[in-house]
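So that we are looking at the same thing, I have put the structure below in structure tokens.
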Amino acid sequence: MTAPATRTVEHVDDFFGTAVPDPYRWLEDADSEEVRDWVAAQGAATRGYLDTLPGRDAITARLSALWNLPKSFLPVHRGERWFRRTNDGEQQQDVLRVADSPMGDGTVLIDPNPLAPDGSTALSADAPSDDGSLVAYSLSEAGSDWQTWRVRDVASGTDLDDVIRWAKFTMACWLPSGDAFVYGGFEPPVEGQEYAGANRGHRLYVHLLGTPQESDELLIALPDEPDWLFAPEVTEDHRWLVVTAAQGTNHETRVWVRDLTEAGDVLHPLIGDADAEWRLVTSL
């Protein structure tokens, strides 16, 4: 196998007096036409070599038989409906089904597979409302962590007008009123840096159905601690909104609570120090 040539450049970084050559710095420009051509040439060379190896068809057939099995995920009960993700074993992405019983076939409510020719649009998250009439769901495109939230009416199978962009690292959490949900996201990224820039300063918002994203209520943000990520939950008795936060991938968490039965209540710190991994179990 002969790999395509990769050019080098005269580039040296000075790190506190230590010279570090970086002859391949030009490859870091993911938007460069030259870089895209280089990636395509490398891929073609690799494909050309792998396709000549003996036994590939037999290996592919055997692995497909082992891997391409129907899959079912944990069913979720809301109202009189059951929601469950499934995959027939050959689908690129999982679909969300709704049925009258936990493992019933029911009908496909959300199928992201037709949304991209290469099947790269995925159903990132889904959250049925407490009465099972609505599902807040997010899609991610081309393997990105960015999520776009929409709301689907279960009975009609159609989406409401609500669209929430620039969400990331988040699930949705419905409020007991059934007309609003909590989600996490970031400030819109700089144009052209949507998939390259760093994301810091996670925030939680409350979205009221039928209103534009620009009017969403900011629930919590820590501008002086931009590496903390938030996760919202509502207790089973619908009284408390509980928000846990972790710094990056650390397991230790902090906790805030909001009494949903008190009009105008705000989030209050419950556990201010991340000295252990704190998680909601239940409410009394």
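Only this structure's heavy atoms are used, side chains among them; waters, hydrogens and symmetry mates stay out. No experiment lies behind these values; they were computed from the predicted model shown.
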* To do: Output all residues satisfying side chain to side chain contact (heavy atoms under 4.5 Å, CB included) with E33, sequence neighbours left out; order by chain, then residue number.
  =>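 Residues passing side chain to side chain contact (heavy atoms under 4.5 Å, CB included) with E33: R36, D37.
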* Keeping to residues at least two apart or across chains, list the ring-ring contact (aromatic ring centres under 6.0 Å, His included) pairs with something in residues 80-100. => H77-W82
* Might you work through the salt bridge (charged side-chain N to carboxylate O under 4.0 Å, His left out) test for D162 and R150, ending with a clear yes or no? => CA-CA 6 Å; D162 304 74; R150 294 177 172 82; over 6 Å; no
* Report the C-alpha distance between T244 and L280 in whole Å, list the side-chain angles of each, state the deciding distance to 0.1 Å, and finish with yes or no for side-chain contact (heavy atoms from CB on, under 4.5 Å). => CA-CA 8 Å; T244 57; L280 172 66; 5.9 Å; no
* **side chain to side chain contact (heavy atoms under 4.5 Å, CB included) involving N113 - partner list, sequence neighbours excluded** =>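 By the side chain to side chain contact (heavy atoms under 4.5 Å, CB included) rule, N113 matches Q91, Q92, Q93, V95, D111.
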* salt bridge (charged side-chain N to carboxylate O under 4.0 Å, His left out) partners for E187, two or more places apart ->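 R203.
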* Please identify each residue that fulfils side chain to side chain contact (heavy atoms under 4.5 Å, CB included) with A246, with sequence neighbours left out. =>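 Counting only residues at least two positions away or on another chain, A246 forms a side chain to side chain contact (heavy atoms under 4.5 Å, CB included) with T253.
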* Pairs involving residues 51-65, ordered by first then second residue, that meet side-chain hydrogen bond (donor to acceptor under 3.5 Å, both in side chains) (sequence neighbours left out) ->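 As it turns out, the side-chain hydrogen bond (donor to acceptor under 3.5 Å, both in side chains) pairs with a partner in residues 51-65, which skip direct neighbours, are R47-D51.
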* Remaining members of the apolar cluster that contains V76, side-chain heavy atoms under 4.5 Å -> none
* Do W240 and W256 share a hydrophobic cluster (ILVMFWY, side-chain heavy atoms under 4.5 Å, transitive)? -> no
* Evaluate salt bridge (charged side-chain N to carboxylate O under 4.0 Å, His left out) for K71 paired with E90, printing each intermediate quantity in order. => CA-CA 10 Å; K71 305 172 186 68; E90 296 185 357; over 6 Å; no
* To do: Determine the interplanar angle of the H202 and F186 rings, folded into 0 to 90°, and report it as parallel if under 30°, tilted if 30 to 60°, perpendicular if over 60°.
  => tilted
* Where is the tightest heavy-atom contact between D22 and V9, given as atom of each residue plus distance? ->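 Result for this residue pair: O-CG2, 4.1 Å.
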* Which pair of heavy atoms, one from S215 and one from P212, lies closest together, and at what distance? -> OG-O, 2.8 Å
* Asked: Which heavy-atom pair separates P176 from D130 by the least distance, and what is that distance?
  -> CA-OD2, 4.3 Å
Could you tabulate the donor-acceptor pairs under 3.5 Å formed by side-chain atoms of residues 163-173, not counting sequence neighbours?
residue, atom, partner, partner atom, Å
K168, NZ, N199, OD1, 2.5
T170, OG1, G184, N, 2.8

* When you look at T8 and W26, which way does the side-chain contact (heavy atoms from CB on, under 4.5 Å) test go after all the steps? -> CA-CA 8 Å; T8 58; W26 65 276; 5.9 Å; no
* **Set of residues satisfying side chain to side chain contact (heavy atoms under 4.5 Å, CB included) with respect to L63, sequence neighbours excluded** =>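 Partners of L63 under the side chain to side chain contact (heavy atoms under 4.5 Å, CB included) test: I59, W67.
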* To do: Taking all non-hydrogen atoms of both residues into account, name the closest pair between D105 and A99 and its distance.
  =>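 Scanning both residues completely, I find the closest heavy atoms to be C-CB, 4.4 Å.
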Considering only distance and modelled atom types, tabulate donor-acceptor pairs under 3.5 Å from the side chains of residues 134-142, sequence neighbours left out.
residue, atom, partner, partner atom, Å
Y137, OH, R152, NH2, 3.1
Y137, OH, D159, OD1, 3.2
Y137, OH, D159, OD2, 2.6
S138, OG, A125, N, 3.3
S138, OG, Q147, NE2, 2.8
S140, OG, S124, OG, 2.3
S140, OG, W146, O, 3.0

* Looking only at heavy atoms, what is the nearest atom pair of A45 and T2, with distance? -> CB-O, 4.3 Å
* salt bridge (charged side-chain N to carboxylate O under 4.0 Å, His left out) between R254 and D273: does it pass, once the steps are laid out? -> CA-CA 6 Å; R254 296 152 71 180; D273 296 324; over 6 Å; no
* Asked: At their closest point, which heavy atom of D216 faces which heavy atom of L208, and how far apart are they?
  -> OD1-N, 4.3 Å
* To do: Taking ring-ring contact (aromatic ring centres under 6.0 Å, His included) as the test, write out the residues that go with F181, two or more places apart.
  =>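 Applying ring-ring contact (aromatic ring centres under 6.0 Å, His included) to F181 gives W174, H207.
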* Asked: How would you list, by chain and number, every residue that makes a ring-ring contact (aromatic ring centres under 6.0 Å, His included) with W228, sequence neighbours excluded?
  ->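 W228 satisfies ring-ring contact (aromatic ring centres under 6.0 Å, His included) with no other residue.
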